[in-house]
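Here's the structure, in structure tokens; my notes come after.
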Amino acid sequence: MTLRDLTLSASSAAGLALALGLTAPATTLAQGRDDGSTSLRLEVSAFRNAKGTLNCRLFTEASSFPDGEGARTLRAAIAGTQASCVFDDLPRGTYAVAVVHDENGNGRLDKNFLGLPTEGYGVSNNRTYAASSPKWDESRFVIAAREPVVLRVNLRY
């Protein structure tokens, strides 16, 4: 038997260890599975009624915030005066969220003839204005760790 015959690749060694009832180090088995992603839970409160749904949009770019499509969109039922949305498998990065109390179920934030919202809305960091759109720089936040993140968003009507 030569030295070459005794050399095993990492995958062969792991397979042999499992076949023999031995355990491989956790780092070997978990390699490539721990991508650092986490979840983001939005807890939204101050609904004026339970009609319609809560629409939550997650943004990764300033250019589409807050009225664009966003990277992901979720809808949630309203229970009393609160509701929540959970975005799973988020990698580390910079994000912003915008939420809408879609009372009539048409999938968008309705506005009056002056362009002012007639349905409830909110953004991450709760910086909303009566006569102008929320700003990316005031609404953005960073997900840097693998621990789940919880943000509380207050609706403005």
Side-chain angles (χ1 to χ4, degrees), residues 10-11 14-15 18 23-157:
S11 61
L18 290 173
T23 58
T27 55
T28 303
L29 294 177
Q31 189 175 9
R33 294 184 196 177
D34 185 10
D35 61 1
S37 65
T38 191
S39 64
L40 168 65
R41 179 182 179 87
L42 301 177
E43 295 180 350
V44 183
S45 60
F47 287 87
R48 67 179 168 196
N49 59 54
K51 295 178 186 174
T53 61
L54 170 65
N55 296 351
C56 302
R57 286 199 174 130
L58 179 73
F59 295 87
T60 57
E61 299 176 353
S63 61
S64 59
F65 180 79
D67 297 322
E69 287 301 311
R72 295 188 199 176
T73 301
L74 297 174
R75 288 196 169 106
I78 301 166
T81 60
Q82 53 192 327
S84 62
C85 292
V86 178
F87 293 96
D88 288 318
D89 300 321
L90 296 179
R92 294 176 178 150
T94 301
Y95 299 93
V97 294
V99 299
V100 172
H101 177 192
D102 187 13
E103 292 179 89
N104 60 5
N106 67 357
R108 61 185 171 89
L109 176 64
D110 292 329
K111 298 178 181 179
N112 65 18
F113 69 96
L114 297 173
L116 301 175
T118 58
E119 294 177 307
Y121 66 96
V123 295
S124 41
N125 299 332
N126 292 309
R127 300 271 177 120
T128 56
Y129 304 96
S132 66
S133 293
K135 312 289 184 259
W136 170 266
D137 288 336
E138 295 176 338
S139 302
R140 67 186 167 96
F141 59 95
V142 175
I143 293 179
R146 291 182 294 187
E147 286 78 32
V149 175
V150 176
L151 292 180
R152 288 171 179 75
V153 179
N154 299 318
L155 290 175
R156 178 185 187 111
Y157 286 91

Would you list the atom pairs, donor with acceptor, under 3.5 Å between side chains in residues 79-94 and any protein atom, with sequence neighbours excluded?
| from | atom 1 | to | atom 2 | distance (Å) |
| --- | --- | --- | --- | --- |
| S84 | OG | R41 | NH2 | 3.2 |
| R92 | NE | A144 | O | 2.9 |

For residues 122-132, run the donor-acceptor check on the side chains, cut-off 3.5 Å, and write out each pair with its distance to 0.1 Å, sequence neighbours left out.
| from | atom 1 | to | atom 2 | distance (Å) |
| --- | --- | --- | --- | --- |
| S124 | OG | V97 | N | 3.1 |
| S124 | OG | S139 | O | 2.5 |
| N125 | ND2 | E138 | O | 3.1 |
| N125 | ND2 | S139 | O | 3.3 |
| N125 | ND2 | R140 | O | 3.0 |
| N126 | OD1 | N154 | N | 2.8 |
| N126 | ND2 | R152 | O | 3.1 |
| Y129 | OH | E138 | OE1 | 2.3 |
| Y129 | OH | E138 | OE2 | 3.0 |

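Residues that satisfy the salt bridge (Lys or Arg N to Asp or Glu O under 4.0 Å) test with R72, not counting sequence neighbours, are absent from this structure.
Atom CG of L42 is separated from atom CG of L58 by 8.0 Å, given to the nearest 0.5 angstrom. The CZ atom of R146 lies 13.0 Å from the OG atom of S39; values are rounded to the nearest 0.5 Å. The CD atom of E119 sits 8.5 Å away from atom CG of N55, with the distance rounded to the nearest 0.5 Å. If you take CD1 on I78 and NZ on K51, they are separated by 11.0 Å, rounding to the nearest 0.5 Å. Rounded to the nearest 0.5 angstrom, E103 CD and T118 OG1 are separated by 7.5 Å. Separating the CG atom in D102 from the CG atom in D110 is a distance of 7.0 Å, to the nearest 0.5 Å.
In terms of heavy atoms, H101 sits closest to L155 at CB-CD1, 4.1 Å. Residues T38 and E147 come closest through the heavy atom pair OG1-O, 2.9 Å. Considering all non-hydrogen atoms of both residues, F141 and A96 come closest at CE2-CA, 3.8 Å.
When atom types are taken as modelled, the side chain of Y157 and the backbone of R48 share a donor-acceptor pair closer than 3.5 angstrom.
Side-chain contact between F65 and S133: absent, with no pair of heavy atoms (C-beta onward) separated by less than 4.5 Å.
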